[in-house]
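Below: one structure, written as structure tokens.
Below, all heavy atoms of this structure are taken into account, side chains as well, without hydrogens, waters or symmetry copies. Residue numbers run from 1 in the order of the sequence given.
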Amino acid sequence: MAKAPILTPQADDFPRWYQDLIGKAELADNGPVRGTMVIRPYGYSLWERMQAEVDARIKDAGAQNAYFPMFIPENYLTREAEHVEGFSPELAVVTHGGGKQLEEPVVVRPTSETIINEYFSKWVQSYRDLPLLINQWANVVRWELRPRIFLRTTEFLWQEGHTAHATYEDARAYASRIHHEVYDDFMRNVLAIDVVLGRKTARERFAGAINTLTLEGMMGDGKALQMGTSHELGQNFAKAFNTQYLADTGEREYVWQTSWGSSTRMVGGLIMSHGDDNGLRIPPRLAPVQVVVMAIKGDDAVVEAVRALGDRLKAAGVRVVVDDRTDTPFGRRAVDWELKGVPIRLEIGPRDLEGGTAMLARRIAGGKSPVALDSVVDTVAAVLDEDQALLLAQSGERRVARTVDVTSIGEAVEAAATGWARMPWADLGAEGEAKLAEQGVSVRCLVADDGGMPDAEDQAGNVAILARAY
């Protein structure tokens, strides 16, 4: 009788495979309140690596980290009508505290445009105070009706950037800079996901924004996942909160603003972009553990050699774990590391030690081959680079292969069953977009017909990317 697979095969049930992998790889559990999650240490180590990489790029773009309260007076949200309308169904509202009913309800932070603008209006006095570039790492709460770990949870972790500028042009340029230099660079060069950059339609843009830039990734089942967004807020919040500055002309003017964010949804995107029927496949530049050095048996010389090799790799800057738990069967340990997606396993037993080699197992490219102990460090560095590039290439190949050009709504719905569709926006329009939404297909973004960023939503050359989405 064939042995039952550890994970439900992707081809049989992709959502079940996803849930199986989250549990078996020890990434997260469901929390005690519906829609919440407990992120386990290995899952959190992935998030920590994402935080570090994104945070460094944000700081390179000139923004500084700060922190704002998670409780927001309810009246703050009502000041910008479109914003409150967009978030009302998702709000968690506190009406009692300290055993008493509150004089005014407070909202648990769904996003921070309102409370941050309250303080921007105090901090910004003159054109000399601009641009003001702030980011915060925090948790937010949005009451989710269809929760799914990492993808849609009632509480999740994220970063949210908020900026104020003297001119529309400066704000627009900064939103684009974040879109490209922070998110696109991170998604491609660290997560190894071949994202599509575009702008949202009026129907899909952020509540209260005048323009939303997005990054869309194709998951292993052909659905789309929004990986990050950067919004031009215009002067909507500035006028609602009276955020003005004294220009060098002596006139008082409203600031122009942006906001932008990415969240623990990226962990879900990582799983669904690169995972296979054997578990996770973690891009080497992201991996908390790039190499695990494993002792096959509890031989003293083997254990000593494994530890020494681990020290050499660590000294060379490799993120390494030494697995000398020889009281646990080797096969079980190997499967666990495979599930966790560690890029390289170096396996050493008595025979390997006698021959001066280790067995190098590649999680991403697959396969095993012996490598001389004297050359392990150089070989590992080369393999990590190769496998990082391979994951990005595979992501791009899947997106291209499963994207179809269509000319009708019927063709778009058919294509979205297994991948993405491309259709000229001039042929689709807002009316066609609404018809697609009724069938569970959305316009993920608009791109120029040459694949670049469109200048205007109604521009004849724009192409709509259509897909079912998480």
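The shortest heavy-atom contact between T212 and R205 is OG1-CB, 3.5 Å. Of all heavy-atom pairs between S273 and M218, the closest is OG-O, 4.0 Å. Here the closest heavy-atom approach between residue L286 and residue L46 is recorded as CD1-O, 4.2 Å. Taking every heavy atom of both residues into account, P147 and G35 meet most closely at CB-CA, 3.6 Å. Annotation for G279 and L21: closest pair CA-CD1, 3.6 Å, computed over non-hydrogen atoms. The shortest heavy-atom contact between L384 and P284 is O-CG, 3.3 Å.
The only member of I364, I282, L392 that meets side chain to side chain contact (heavy atoms under 4.5 Å, CB included) when paired with D387 is I364.
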>> side-chain contact (heavy atoms from CB on, under 4.5 Å) for I39 and W47? Distances and angles first, verdict last.
In response: CA-CA 9 Å; I39 305 176; W47 175 241; 5.6 Å; no
>> Between Y183 and W260, is the side-chain contact (heavy atoms from CB on, under 4.5 Å) condition met? List the steps.
In response: CA-CA 10 Å; Y183 297 144; W260 26 274; 3.6 Å; yes
> After noting the C-alpha distance and the side-chain angles of R285 and E53, does the key distance pass the salt bridge (Lys or Arg N to Asp or Glu O under 4.0 Å) rule?
Replying inline: CA-CA 10 Å; R285 290 178 190 165; E53 293 282 354; over 6 Å; no
> Taking it one step at a time, do E74 and T78 satisfy side-chain hydrogen bond (donor to acceptor under 3.5 Å, both in side chains)?
Replying inline: CA-CA 7 Å; E74 190 176 47; T78 62; over 6 Å; no
>> Show, in sequence, the C-alpha distance, side-chain angles and deciding distance for D170 and W256, and conclude whether the side-chain contact (heavy atoms from CB on, under 4.5 Å) test is met.
In response: CA-CA 8 Å; D170 191 37; W256 295 84; over 6 Å; no
> Yes or no on salt bridge (Lys or Arg N to Asp or Glu O under 4.0 Å) for E232 and R199, after CA distance, side-chain angles and deciding distance?
Replying inline: CA-CA 11 Å; E232 298 172 36; R199 63 195 303 277; over 6 Å; no
> How far apart are the C-alpha atoms of D449 and N462, what are their side-chain angles, what is the distance that settles it, and do they pass the side-chain contact (heavy atoms from CB on, under 4.5 Å) test?
Replying inline: CA-CA 6 Å; D449 56 4; N462 287 352; over 6 Å; no
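Applying the side chain to side chain contact (heavy atoms under 4.5 Å, CB included) test to A416 and every residue at least two apart in sequence or in another chain returns V441, R468.
Taking a cutoff of 4.0 Å between a charged side-chain nitrogen and a carboxylate oxygen, R188 and D184 qualify as a salt bridge.
A side-chain N or O of S112 and one of Q136 form a donor-acceptor pair less than 3.5 Å apart. With no hydrogens or angles considered, no side-chain donor-acceptor pair links Q10 and D12 at under 3.5 Å. Side chain to side chain, T201 and E433 meet the donor-acceptor criterion of an N or O pair below 3.5 Å. Checking H165 against T163 by side-chain atom types alone, a donor-acceptor pair falls below 3.5 Å. Donor-acceptor pairing under 3.5 Å is lacking for the side chains of W123 and D129.
Put simply, the side chain of R148 reaches to within 4.5 Å of the side chain of Y18, judged on heavy atoms. When side chains are defined from C-beta on, R281 counts as touching Q394, because their heavy atoms get closer than 4.5 Å. By the 4.5 Å heavy-atom criterion applied to side chains, L436 and L428 are counted as neighbours. Put simply, the side chain of I58 reaches to within 4.5 Å of the side chain of Q159, judged on heavy atoms. Residues L91 and L77 have side chains in contact (heavy-atom distance under 4.5 Å, counting atoms from C-beta outward). At least one side-chain heavy atom of V383 sits less than 4.5 Å from a side-chain heavy atom of I344. No side-chain heavy atom of D60 sits less than 4.5 Å from a side-chain heavy atom of V182.
Applying the salt bridge (charged side-chain N to carboxylate O under 4.0 Å, His left out) test to pairs two or more places apart or on separate chains, those with a residue in residues 208-231 are K200-E216, E216-R444.
A 6.0 Å sphere centred on CD of E48 holds more than 12 heavy atoms belonging to other residues, nucleotides or ligands.
Side-chain atoms of R34 never come within 3.5 Å of backbone atoms of T154 as a donor-acceptor pair (strictly under, hydrogens ignored).
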